[in-house]
Amino acid sequence: MSTGILIVIIVAAVVIVALVAMTLRTMMRRRHLQERFGSEYERTVDAEHNRRAAERELNEREQRHQDLKIRPLPSTVRSRYAQDWNSVQEHFVDSPDRAVSEADQLVNTLMSERGYPTEGYEQQERDLSVEHAETLKHYRIAHEINGRVGGGDSSTEEMRNAMVHYRAMFEALLKDDAASSGGGRS
């Protein structure tokens, strides 16, 4: 066998090995993102209309989340928030629209206290999706209903549903999840 043919075979083998390694890396990364984000993975793929763009977006969310200083709450602070939530729920009987607004504000305050930036709803969604992907659907539904409450376009039943959804997000944020995989804890 001539040296030229041997070089061609070696180069082809190296290219094949590199392609297999890249494919395996892509598959492992995709599996990681699917496991980490759950249904949020498919939701992002649908929204982006492009799997690579969606995976790039989810990777960026992970990177941003690692830089956040997410912190657990002391038990006294968690108790105070639980009392605040009970107060908000009590307001629902007399003023459902006010209670929904208060629930939204309380969730935002809790997010801030945990270390999540609260500069805008879309960014909140992205930041929450890293640690709370499955609970995030509750926040989306509650936020959507809350947006209609101000215009008087929501029934009492819808506002009750908003409260249920806010409570799910509130409870997820209230938990001391120091054992979870969240980055950036100091």
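Side-chain atoms are counted along with the backbone in the values below, which use heavy atoms only and exclude waters and symmetry mates.
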- [ ] Check whether any side-chain heavy atom of Glu62 sits under 4.5 Å from a side-chain heavy atom of Leu33, and report yes or no.
- [x] yes

Task: Residue list, side chain to side chain contact (heavy atoms under 4.5 Å, CB included) with Glu119, at least two apart or on another chain - done: Arg64, Pro117, Gln123

TODO: Check whether any side-chain heavy atom of Tyr139 sits under 4.5 Å from a side-chain heavy atom of His132, and report yes or no.
DONE: no

- [ ] Sort and list the pairs that fulfil side-chain hydrogen bond (donor to acceptor under 3.5 Å, both in side chains) and have at least one residue in residues 94-103, not counting sequence neighbours.
- [x] His91-Arg98, His91-Glu102, Ser95-Asp97, Arg98-Glu102

Open item on the list: Take a 6.0 Å sphere around CZ of Arg51 and say whether it holds more than 12 heavy atoms from other residues, nucleotides or ligands.
Closed with: yes

Open item on the list: Run the side chain to side chain contact (heavy atoms under 4.5 Å, CB included) test against Glu144 and tell me which residues pass, sequence neighbours left out.
Closed with: Arg148

Task: Partner residues of Ala53 under the side chain to side chain contact (heavy atoms under 4.5 Å, CB included) criterion, sequence neighbours left out - done: Glu48, Asn50, Arg56

- [ ] Start with the C-alpha gap between Arg80 and Thr76, add the side-chain angles, then the distance that decides, and say whether side chain to side chain contact (heavy atoms under 4.5 Å, CB included) holds.
- [x] CA-CA 6 Å; Arg80 187 190 80 229; Thr76 55; over 6 Å; no

Open item on the list: With heavy-atom distances below 4.5 Å as the criterion, would you say the side chains of Tyr41 and Arg30 are in contact?
Closed with: yes

TODO: Tell me, please, which residues at least two apart from Glu60 pass salt bridge (charged side-chain N to carboxylate O under 4.0 Å, His left out).
DONE: none

Task: Contacts of type side-chain hydrogen bond (donor to acceptor under 3.5 Å, both in side chains), residue Glu42, not counting sequence neighbours - done: none

- [ ] Only counting residues at least two apart or in another chain, list the ones meeting side-chain hydrogen bond (donor to acceptor under 3.5 Å, both in side chains) with Asp84.
- [x] none

For residues 161-173, run the donor-acceptor check on the side chains, cut-off 3.5 Å, and write out each pair with its distance to 0.1 Å, sequence neighbours left out.
residue	atom	partner	partner atom	Å
Asn161	ND2	Glu157	O	3.4
His165	ND1	His138	ND1	2.8
Tyr166	OH	Asp104	OD1	2.9
Tyr166	OH	Asn146	ND2	3.4
Arg167	NH1	Gln89	OE1	3.1

TODO: Describe, in one word, how the ring planes of Tyr121 and His143 are oriented to each other, choosing from parallel (under 30°), tilted (30 to 60°) and perpendicular (over 60°).
DONE: parallel

Open item on the list: I'd like to check the side chain to side chain contact (heavy atoms under 4.5 Å, CB included) partners of Arg61; sequence neighbours left out, ordered by chain and number.
Closed with: Phe37, Glu40, Thr44, Glu57, Leu58, Arg126, Ser129, Val130

Open item on the list: Which residues pass the side-chain hydrogen bond (donor to acceptor under 3.5 Å, both in side chains) test with Tyr81, not counting sequence neighbours?
Closed with: Glu113

TODO: Measure the shortest side-chain to side-chain distance between Glu55 and Arg29 over non-hydrogen atoms and say whether it is less than 4.5 angstrom.
DONE: no

TODO: With the side chain counted from C-beta on, respond yes when Leu110 and Leu106 share a heavy-atom pair under 4.5 Å apart, and no when they do not.
DONE: no

Open item on the list: Test of understanding: with side-chain hydrogen bond (donor to acceptor under 3.5 Å, both in side chains), list the residues that count as partners of Thr118, not counting sequence neighbours.
Closed with: none

Side-chain donor/acceptor pairs under 3.5 Å, residues 12-27, sequence neighbours excluded:
residue	atom	partner	partner atom	Å
Thr23	OG1	Leu19	O	2.9
Thr26	OG1	Met22	O	2.9

Open item on the list: Is the shortest side-chain heavy-atom distance between Arg160 and Phe92 below 4.5 Å?
Closed with: yes

